[in-house]
Amino acid sequence: MKFGKEFVPQMVPEWQEAYMDYNSLKLLLKDILCFRQCNKVTTPMASTPEGSSLKRRVSLYRAFSGLTSRHRGSPKKKEDEEILVSEEGAEGQWQTMFLMSSDEGGDIEVVFFKRLDEEFNKVINFYKKKVGEVVDEAEELSRQMDALIALRLKVENPLVELGGTDVIDRGSNGVSSQSTVHPTSGRRPGGLQMDVIPEVEMSNEGEMEDEERGSKESKTSDQNIKGFKPPSLEILDHVKINVTPETPVSTVKGILKSSKPDLSFSKKELRKAEEQMTEAFNEFYQKLRLIKSYCFLNQLAFSKIMKKYDKISSRKASKAYLNMVDNSYLGSCDEVSYIVHELMAYHESKFQSIPCQKLCLMIHLLPSQVTRIMERVEATFIKHFTNGNRREGMKTLRPRARREKHRSTFFLGLFSGVSIALVVAIIVLIHARNILRSEGRGQYMENIFPLYSLFGFIVLHMLMFSANIYYWRRYRVNYPFIFGFQRGAELGYRQFFLLSSGLAILALAGVLSNLDMEMDPSTKSFRALTELVPLGLVTVVLLIMFCPFNIIYRSSRFFLLQCIFHCLCAPLYKVSLPDFFLADQLTSQVQAFRSLEFYVCYYGWGDFKKRSHNCLDSRVYRSFYFIVAIIPYWIRSLQCLRRLIEEKDGMQGLNGLKYFSTILAVAMRTSFDLKKGMKWKILAITSSVVATIVSTYWDIVIDWGLLRRNSRNPWLRDKLLISNKSVYFIAMVLNVILRLAWMQSVLGIKEVPFVHRTALVAIVACLEIIRRGIWNFFRLENEHLNNVGKYRAFKSVPLPFNYDCDESKSR
């Protein structure tokens with residue numbers, strides 16, 4: 001496979017614009033090749049004077065440099081040089097001077113090197129910026145670790161054995177009967193100072209290095225006291241715990257208490273701080289991996305493009321240019337690995353006193369040092385945060401990507417085929433029994449159809465989301481990062497398709513068992529077992545959702561349940577993108593919630609054996625018919641209120657007003673459905689028109705970021721993932737048309753030929769689900785492009801401690 005096709009998939013999606021533009025440079029090389037082919041530009045050749053047809057390159061007649069490289073140290077002649085690369089300006093911008101511009105076609109090669117320098121300087125500047133951010137974060141994490149270890153000592157009050165019977169009390173400055181060590185200075189009274197033992201030992205390399213040091217170092221180590229040098233407990237006097245209002249309890253406490261509380265030195269505080277630091281270290285480690293990947297891929301890209309240039313132009317400019325790349329900030333000073341080591345070994349690192357330039361030179365001379373330092377990072381994380389369990393530590397730091405299994409593909413095909421077969425069987429059975437014209441058709445549609453329509457709504461939504469994931473992956477939208485899915489555990493489109501087809505089989509099998517249209521003449525009722533099938537299916541789905549065992553994608557199920565719980569408890573939980581994205585999905589499932597309400601009424605108070613109910617005559621049912629339709633929009637408006645208070649963003653207030661207008665429209669339409677009358681009809685039409693106009697504008701302009709008049713793509717936006725622009729215009733038109741589906745209720749369209757009223761309501765609900773599926777793709781595309789514009793490839797992780805000096809600076 002060509003490098004260009006391998007290069008793009010390995011990029012960090014949010015940093016794609018910061019990588020070297022390999023394709024544009026490749027196009028310039030094609031221009032050079034076309035020019036040389038059209039003008040038949042060749043390298044200088046020599047022929048023998050006898051007129052022989054044999055021709056050789058002129059370079060074959062130069063003096064031989066020798067097999068032992070005796071002329072390697074001699075300076076290169078200027079006439080052999082083809083480019084000169086130099087660093088200019090205070091910002092260290094690299095510039096290449098092409099010395100062969102007088103050659104035929106040299107002006108095209110000058111353009112190539114100018115563009116190459118622009119790309120290289122872009123990569124260097126971005127790399128420096130990211131390394132600078134990592135340096136600042138490493139310093140902050142080091143301070144956080146000092147506070148965490150001090151808190152651990154204070155809370156756990158450990159007893160450290162110094163060999164023999166010497167025991168000290170670290171947390172309370174307690175002492176033993178035979179030896180004492182002060183917890184802040186690490187000195188025995190009148191004795192030697194405790195040597196700082198490195199926090200992480202090298203696995204194999206460290207042992208080999210220790211053996212090579214000889215007997216001198218072994219004698220010194222015999223004098224060392226076994227133990228460690230703890231941080232000063234005085235740190236805790238200058239630290240406060242960061243309480244972010246992420247739970248209902250912390251939200252209420254945040255309202256009642258304006259200032260951040262001091263440390264209470266409880267085990268609960270320590271456990272919470274360790275969880276936050278584990279997450280922070282994990283996220284920071286992923287940053288380092290991505291930065292190293294960015295550095296490596298760009299170096300490889302510059303190497304590939306220069307080799308292509310040498311091949312096309314028959315020159316040897318790549319050596320000089322790649323030497324510059326190796327000696328530049330990108331290739332010579334691996335500060336990322338340095339930071340990994342400094343962070344994980346804290347102040348006890350043996351490289352603490354070595355300057356950065358000298359350390360960079362050491363790493364440059366030792367090519368495998370980067371790998372060894374990464375191993376030390378892993379070993380330290382495993383020691384501090386997974387209690388020495390390497391398997392668990394590596395699962396956290398380097399989670400394995402979910403592998404596509406052949407059995408998943410097999411069952412996907414099997415379930416899809418069975419679903420289609422069941423649909424065909426139902427159609428044949430309806431035609432054979434002439435069910436559409438039977439007397440029990442109306443009774444079936446009023447009682448049984450609403451029960452099974454619930455599964456139809458869920459299956460259709462899952463199919464739409466499966467299609468969303470397929471196209472997000474195709475257009476490289478980083479949906480796992482946007483949703484905050486657990487690394488390596490996110491579901492792909494095949495898994496969603498598999499789940500939806502499995503649920504479809506259960507629902508269709510139930511429909512097939514409930515196609516009886518006539519009661520048993522002897523009992524004058526339907527069979528109880530078949531009438532309870534829909535309730536059994538709902539029970540099975542709920543049991544699978546809450547199943548604690550590690551089956552059927554447990555991590556994804558629990559993530560969904562967590563988001564649902566956050567939505568139900570709004571605004572007590574901090575609002576994240578998965579929470580409000582799920583709430584938006586629920587607004588398109590109003591009819592599904594009404595189906596659940598019907599389940600309760602039908603099986604609780606109705607006579608399911610005779611397929612009869614009086615739900616609409618109950619005031620309680622009619623009241624909940626209102627409430628159930630309003631709840632999703634109410635949840636969404638509360639989330640907007642929470643974000644307005646926290647983020648001080650006026651757009652969230654306007655978004656909340658949009659959902660409030662939708663609540664009014666839904667309430668008016670529901671009132672018209674139940675009470676009729678011209679007054680309710682006028683109110684329903686007016687409120688629905690206002691809500692539709694506001695919601696459509698918000699969908700297209702705010703959520704999708706389209707209709708930008710002065711953008712590079714007229715009436716769209718500057719950046720588009722889909723090259724065919726007509727797709728965006730079609731999506732906007734469909735969004736408007738599908739939003740007008742509410743007109744069916746206010747215009748009094750209850751039945752159409754061959755379609756029952758309940759079936760028509762289900763069709764309208766399905767149209768809203770399809771509209772939501774279209775909205776999902778473009779909403780996440782816009783979110784992804786916003787992340788790309790800000791180069792945001794990592795999530796921000798709250799840190800547990802806040803120093804007093806930080807508070808004074810913020811004031």
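Values below: every heavy atom of this structure, side chains too, minus hydrogens, waters and symmetry copies.
- No donor-acceptor distance shorter than 3.5 angstrom exists from the side chain of R115 to the backbone of S24, with no hydrogens or angles considered.
- Looking at residues two or more places apart in sequence or on another chain, you find no salt bridge (Lys or Arg N to Asp or Glu O under 4.0 Å) involving D117.
- There is a side-chain donor-acceptor pair under 3.5 Å between N724 and S726.
- Residues that satisfy the side chain to side chain contact (heavy atoms under 4.5 Å, CB included) test with L683, not counting sequence neighbours, are M668, K679, W680.
- Y470 meets the ring pair (Phe, Tyr, Trp, His ring centres under 6.0 Å) test with Y493; sequence neighbours excluded.
- Considering only residues two or more places apart in sequence or on other chains, C766 meets the side chain to side chain contact (heavy atoms under 4.5 Å, CB included) condition with F457, L460.
- Qualifying salt bridge (Lys or Arg N to Asp or Glu O under 4.0 Å) partners for K130, counting only residues two or more places apart in sequence or in other chains: E133.
- The aromatic rings of F120 and W94 stand perpendicular to each other, their planes meeting at an angle above 60°, with 30° marking the opposite boundary.
- Side-chain contact annotation: E119 with N298, donor-acceptor N/O pair under 3.5 Å absent.
- Contacts of R636 classified as salt bridge (Lys or Arg N to Asp or Glu O under 4.0 Å), with partners at least two apart in sequence or in another chain: D584.
- Evaluation of the ring pair (Phe, Tyr, Trp, His ring centres under 6.0 Å) test over residues 708-730, restricted to residues two or more places apart or in two chains, returns Y728-F778.
- With sequence neighbours excluded, the residues satisfying salt bridge (Lys or Arg N to Asp or Glu O under 4.0 Å) with R771 are D699, E768.
- Every side chain to side chain donor-acceptor pair (under 3.5 Å) that E109 has, sequence neighbours left out, goes to Y309, R315.
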Determine whether N23 and K26 satisfy the following criterion, side-chain hydrogen bond (donor to acceptor under 3.5 Å, both in side chains), listing intermediate values before the conclusion. CA-CA 5 Å; N23 290 330; K26 197 173 176 182; 5.8 Å; no

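- In this structure, K304 does not pair ionically with E6, as no charged nitrogen and carboxylate oxygen lie closer than 4.0 Å.
- Every residue meeting the side chain to side chain contact (heavy atoms under 4.5 Å, CB included) condition with Y697, not counting sequence neighbours, appears here in chain and number order: V701.
- If you check the side chains of R473 and Y479, you find a donor sitting under 3.5 Å from an acceptor.
- A search for side chain to side chain donor-acceptor pair (under 3.5 Å) contacts involving Y19 returns nothing, not counting sequence neighbours.
- Listed by chain and number, the residues in a side chain to side chain contact (heavy atoms under 4.5 Å, CB included) with E783 are I482, L577, R779, N787, R792 (sequence neighbours excluded).
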